[in-house]
Enquirer: 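Sharing a structure below in structure tokens format, with a few things to ask.
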Protein chains: 2
Amino acid sequence: MTNSRELVRDTALRLFRERGYATTTMRAIAQEAGVATGLANYYFPSKDHLVQELYVEVNRDHAVRAARVLERGGDLTTRLRGVLHAGLDAFAEYHGFGSEFVTVAIRPGSAASPFSTESDEARTTSRAVLDELVAGADPAVPDHLRAELPELLWLAQLGVTLFWVHDGSPGQRRTRTLVDGAAPLVGRLVRLSRLPVLRGASQEVLDLFRAVRA
Amino acid sequence: MTNSRELVRDTALRLFRERGYATTTMRAIAQEAGVATGLANYYFPSKDHLVQELYVEVNRDHAVRAARVLERGGDLTTRLRGVLHAGLDAFAEYHGFGSEFVTVAIRPGSAASPFSTESDEARTTSRAVLDELVAGADPAVPDHLRAELPELLWLAQLGVTLFWVHDGSPGQRRTRTLVDGAAPLVGRLVRLSRLPVLRGASQEVLDLFRAVRA
DNA sequence: GCGCATCCTTGAACATGTTCAAAGACTAGC
DNA sequence: GCTAGTCTTTGAACATGTTCAAGGATGCGC
């Protein structure tokens with residue numbers, strides 16, 4: 001048996017998987033791990049922090065799946081579609097209570113928020129995947145987009161996740177449809193952004209993005 | 001004194017405004033309204049339902065402000081910018097705890113979710129504003145976009161709200177910047193969508209949107 | 001070996017959202 | 001005016017996340 005922190009962590013994650021967020025009580029976690037109630041809160045100041053651990057794990061899983069997709073090469077559209085589907089695969093088993101977790105994750109100030117300092121590792125991992133996605137695309141992404149595109153795609157990925165949470169269709173088919181439709185659109189817009197007519201608009205998008213981000 | 005339901009409702013909304021969501025307890029609401037604890041839950045099965053009431057009120061406020069903006073006429077960009085700013089004005093006094101409310105609103109299944117049946121009235125009101133925004137734009141919005149654009153803008157509005165919640169800049173300046181930048185971009189893209197090069201892409205966007213919505 | 005400081009661990013206590021059985025008020029039908 | 005049924009209202013009880021004072025363990029300097 002390793003240390004208590006990991007014991008609590010692993011027990012919590014297992015119960016989350018088995019029962020969901022709301023029905024997994026701190027007391028149940030502690031009891032199942034064989035420790036006192038207060039100890040879980042000693043290592044994880046709030047239940048949010050345990051969700052954050054789950055978030056990290058799913059994220060790692062996504063990174064592994066995405067790496068397998070990316071080593072196959074391909075153009076931007078193919079790679080984007082593959083990475084997004086890989087994310088949906090990694091999330092799949094949580095859909096039943098995914099909504100509960102996203103609720104926790106989206107609250108500003110929550111440890112599980114993708115923007116929180118606690119999520120640094122997860123965010124770095126995700127960003128690395130998307131950097132690689134853009135950098136390795138063939139044909140290459142136009143220069144003027146290469147710097148910002150990964151972050152834009154990261155945000156798009158969050159948007160897809162948000163959609164997925166609200167997607168009540170069987171097997172989340174609609175989210176799959178969204179990914180299959182949106183990926184070629186992104187590819188197409190990136191290609192079109194080189195045309196003179198769109199050069200201005202695409203520059204405006206980038207300027208706005210830079211002006212607005214934290 | 002009107003009926004108890006309204007009394008509880010108004011008390012709750014006042015306390016929400018004064019103290020925020022988390023620090024306003026159901027007991028405090030009941031006590032301040034001079035009724036028993038259980039009565040608040042009799043009329044509003046959960047605290048979410050009270051947040052939903054707040055959501056409705058803010059939404060009405062937004063509709064009133066937006067109507068004033070729209071009667072001034074103008075092109076799509078001007079009208080969109082005006083309506084979005086009107087929304088930010090309506091929300092402004094809640095920013096301190098806006099995050100708490102959005103947390104509640106974004107949870108699928110929550111009464112306060114903009115997609116819930118409880119929010120039918122609010123959604124209808126919002127949609128009417130955006131229908132009017134698009135219908136009255138001069139120059140007119142191209143035919144092929146006119147049907148779907150209001151709903152797309154409604155989603156964009158939700159996105160702006162989400163951004164606003166996470167916007168920690170003083171006076172939420174960054175969200176204002178986003179609106180000022182995004183509105184002309186939307187206007188520009190709508191105009192450009194008539195060009196042959198973009199006709200295909202814009203049709204794809206619409207097709208995807210139709211395929212994916214509930 | 002001894003003190004001492006830091007880290008772990010415990011379980012009770014607390015605050016809060018929600019539920020519920022019981023009681024009270026009110027209304028319609030007669 | 002009575003009865004039966006429904007709508008309101010109450011306050012205690014319950015479950016749960018979190019806090020906290022108290023007590024152990026552990027290791028370090030000497």
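Below, chains carry the letters A, B, ... as their sequence lines are ordered, and counting in each starts from 1.
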Enquirer: Reckon Tyr43(A) has a side-chain N or O less than 4.0 Å from the OP1 or OP2 of dT9(C)?
Expert: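 Yes, within the criterion.
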
Enquirer: Is it the case that more than 12 heavy atoms not belonging to Gln31(A) sit under 6.0 Å from its CD atom?
Expert: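 Result for CD/Gln31(A): open.
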
Enquirer: Looking only at the aromatic ring of each residue, does the gap between the centers of Phe209(A) and Trp154(A) stay below 6.0 angstrom?
Expert: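 No; Phe209(A) has its ring centre 6.0 Å or more from that of Trp154(A).
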
Enquirer: Rounded to whole Å, please give me the gap between CG in Asn41(A) and C1' in dG11(C).
Expert: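 Nearest whole value for this atom pair: 13 Å.
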
Enquirer: For Gln31(B) and dA15(C), give me the distance from atom CD to atom P, rounded to whole Å.
Expert: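 For the pair Gln31(B) CD and dA15(C) P, the rounded distance is 14 Å.
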
Enquirer: Just the rounded figure in Å: distance from P of dA12(C) to CZ of Arg27(A).
Expert: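 Spelled out: CZ on Arg27(A) to P on dA12(C) is 11 Å.
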
Enquirer: Counting any heavy atom closer than 4.0 Å, what does Phe44(A) reach on the DNA or RNA strands: base, sugar-phosphate only, or nothing?
Expert: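 It contacts nothing in the nucleic acid.
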
Enquirer: When you get a sec, tell me which of dG17(D), dT8(D), dT19(D) is the closest nucleotide to the side chain of Leu39(B)?
Expert: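 In terms of side-chain proximity for Leu39(B), the closest of dG17(D), dT8(D), dT19(D) is dT8(D).
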
Enquirer: Nearest whole Å is fine: how far is dG17(D) C1' from Lys47(B) NZ?
Expert: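 After rounding, the gap between these two atoms is 13 Å.
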
Enquirer: Within less than 4.0 Å of OP1 or OP2 of dT9(D), is there a side-chain N or O belonging to Ser4(B)?
Expert: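 Yes.
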
Enquirer: Is the number of heavy atoms from other residues, nucleotides or ligands within 6.0 Å of CZ (Arg173(A)) greater than 12?
Expert: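 It does not: Arg173(A) CZ has 12 such atoms or fewer within range.
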
Enquirer: Closest-nucleotide mapping onto DNA chain D: is Tyr42(B) or Ala22(A) further toward the 5' terminus? I mean the 5' end.
Expert: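 Its nucleotide being nearer the 5' end, the pick is Tyr42(B).
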
Enquirer: Rounded to the nearest Å, what distance is computed from the OH atom of residue Tyr21(A) to the C1' atom of nucleotide dT16(D)?
Expert: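 So the two atoms are 11 Å apart, to the nearest Å.
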
Enquirer: Which part of the nucleic acid, if any, lies within reach of Thr24(B) when heavy atoms closer than 4.0 Å are counted: base, sugar-phosphate only, or nothing?
Expert: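 Sugar-phosphate, no base atom in range.
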
Enquirer: Nearest of dT10(D), dT19(C), dT16(D) to any side-chain atom of Ala36(B)?
Expert: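 Of the candidates, dT10(D) comes closest.
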
Enquirer: Sub-3.5 Å donor-acceptor pair from the side chain of His95(B) to the main-chain atoms of Phe91(B), do we have one?
Expert: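 Absent.
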
